[in-house]
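Shown next, in structure tokens, is the structure this report addresses.
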Protein chains: 2
Amino acid sequence: MTNGMANATIRDVARAADVSVASVSRVLNGHDNVRPELRERVHAAATRLGYVPHAGARSLSLARSNAIGVVLPELHGEFFSELLRGMDREASARGLQLLLSNMHADPARGVEALRTMRGRVDGMVVMAPHIDPDQLFAHLPTGVPVVLVNCAPHHQPRPELRLDNIAGARAMVDHLVATGRRRILHLAGPVGNIDAEERMDGYRAGIAAAGLEPLIERGTFLEESGVSVAEKMAREGSDVDAVFAANDMMAIGVLMGLRRAGVAVPDRVAVAGFDDIPLARLISPTLTTLRIDIAELGERAIARLTDQIGGADDRSIELRAPTLIVRETTSPREDPEHRGTRGIYA
Amino acid sequence: MTNGMANATIRDVARAADVSVASVSRVLNGHDNVRPELRERVHAAATRLGYVPHAGARSLSLARSNAIGVVLPELHGEFFSELLRGMDREASARGLQLLLSNMHADPARGVEALRTMRGRVDGMVVMAPHIDPDQLFAHLPTGVPVVLVNCAPHHQPRPELRLDNIAGARAMVDHLVATGRRRILHLAGPVGNIDAEERMDGYRAGIAAAGLEPLIERGTFLEESGVSVAEKMAREGSDVDAVFAANDMMAIGVLMGLRRAGVAVPDRVAVAGFDDIPLARLISPTLTTLRIDIAELGERAIARLTDQIGGADDRSIELRAPTLIVRETTSPREDPEHRGTRGIYA
DNA sequence: GCTCTTGATGTAACCGGTTACATGATCTTA
DNA sequence: TAAGATCATGTAACCGGTTACATCAAGAGC
């Protein structure tokens, strides 16, 4: 039977070694006030019984679990995977385990996910770009340290990490304008998603500064949105000469849609994304985008959380600026005649 | 102070509602043998105090944690992310949480990772293609259900999920042979990795069956290996007409290396991978590969584990066969003269 | 009216660790 | 040799829940 024999407890070990449970605990936790001979007996008994301490019981009496909760939106794609990788790196370096929870779209289930973490973790990292944190934290245990990552606006006095989406999007628009684009379409993310909204704000600011006209379509952050926008552009004979998508997956969709429609990138239309997922430099033409060091973001979240658990009281918001990565999809056009023109294509 | 006030306990609630802890517990767990008026009082007190149950204490007394441990190799790339996504889907459907642990290359740390899960999870999913499971489980708590995923050969009588790497690789070689390739190079994965070894076995079998000569290079499962093999081929004027890489990332590296060297794919050289990561259909030319439904693999692991936890005793090994996905990188050559020739290229 | 059943509620033991405090042995020191 | 200090070890309370069992009140049946 796999689960035939229950595991030995510390009392079993104590009995087997003919000592008290206190001594067993002391030996196993490496306290030095134990006679060597007794220490020996305990170790022998423990290995003989195959004793493995019960982490749950341990954390109950210590009021410390050495685990931290990670609450993420729908686990999807490379962003999430990179973030988790960074967290894992930092956490395992500090001897912490990660308890994962998926915060679905439904706020009620989200609250439930956070509640079930109480008494199981020492703190939490919460990333919820699509849910109002005030609502989320209203019915939550107090006294659990939390670090927010890229959350919607709120009134929580909590430590927080954010992307500077506005500056990033602004930099991209500036780049497109500097390379001669004038009809710049923004393919935005879903309504209510904080990253989507901020990137759109940055786009608007850049467009206004250049004295251009804003052109905005809404997407879903998925590849398909990009494809359909490209198809629509081709169908309607649009005069757009650059598409700035709110994330890389949509930008890639745009690339595929344009290729299928026979529209030259970057000669006719420039394309840019956001995130710099690994894919961005592998497709062809390679994609201009904004790089976020996602794994490092994850590491930093864990680091700040452990500081907080350790008693620090730093509630500041840390803003991380993305870096503009220029690749082939926004190269200046070879044909100088295009510069500034508004050619119609089919 | 974020963590100024400790959380209320069930005894606090009992005192506030002027009832016993037993009644509070009954109310909060939805037992029906409680007078409505009292039930009301308890709910009121609980919300007034912001009471959230302590999951650790609960699982200690219930001997059930509703969490399952997931032990994965170095969290890297799309494979891992898809697997975790599938597990999360199934787990949250069953009301389970996932406790993540990274099994690094070092077996000692791996054992430690498994030990710290005891008393914290109801069972574990272990994926360790690079570590000997016998060694791993030698000093482990008995009585904890475990499902192995893609592990090295062992003598563990445990339920297990595996990829049919051999059949997959064999199918790919057959496909390459059928489309006229004769000098087929296998870019294998690292020594000691079970997936790598099995894929190589499948390759060997296919090559032998076709009466061809095996050509093998070792790689690291990373893109760079592919690039350097492609460079080496071009440099040495190799007569290889197909490269079958042991995973997609290496295949993509090969594609990039060949493109840079000006070697036409698939006309001069066909390229194929293994895994069907999302990237495979996005690059150009699109990559022929073997599809594994990774997320489903993850779901299935959780499903089998919960069966096991529920008392089932099914120790069978489930073999999942990859599906051959033919795309552009292995299209038959347009120039029929190449068929069977061994042209040298620079 | 009295016993028996039924059902709500409370008391206290238990899950498996940790540790404050008590105990008692050994060693100093006068 | 007796008093005091030091140190290893054991006893039992505690962490925060759950629940077997005891208790007691109300209603049923005679």
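Throughout, protein chains are lettered first and strands after them, A, B, ... in sequence-line order, and every chain is numbered starting at 1. Keep in mind that the numbers below use all heavy atoms, side chains included, and drop hydrogens, waters and symmetry copies.
Annotation for Arg26(A) and Val34(A): closest pair CB-CG2, 3.9 Å, computed over non-hydrogen atoms.
Using a distance-only test at 3.5 Å, with no hydrogens or angles considered, a donor-acceptor pair links the side chain of Glu197(A) to the main chain of Gly192(A).
For Arg85(A) and Glu82(A), the salt-bridge test passes: some basic side-chain N is under 4.0 Å from an acidic carboxylate O.
Going from atom CG of Asn66(B) over to atom C1' of dG17(D) covers 14 Å, rounded to whole Å. Counting to the nearest Å, the P atom of dA8(C) and the NE2 atom of His31(B) are 13 Å from each other. Protein atom CG of Leu28(A) is 11 Å distant from nucleotide atom C1' of dG17(C), rounded to whole Å.
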For nucleotides 9-16 of chain D, just jot down a letter per nucleotide in 5' to 3' order: B, S or -, based on protein non-hydrogen atoms under 4.0 Å. BBBB--BB
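In this view, Asp32(B) satisfies the salt bridge (charged side-chain N to carboxylate O under 4.0 Å, His left out) rule with no residue, not counting sequence neighbours. Here Arg115(B) pairs with nothing under the salt bridge (charged side-chain N to carboxylate O under 4.0 Å, His left out) rule; sequence neighbours left out.
The shortest distance between the side-chain N/O atoms of Ser25(B) and the OP1/OP2 oxygens of dG17(D) is not below 4.0 Å.
With no hydrogens or angles considered, a side-chain donor-acceptor pair links Arg304(A) and Ser316(A) at under 3.5 Å.
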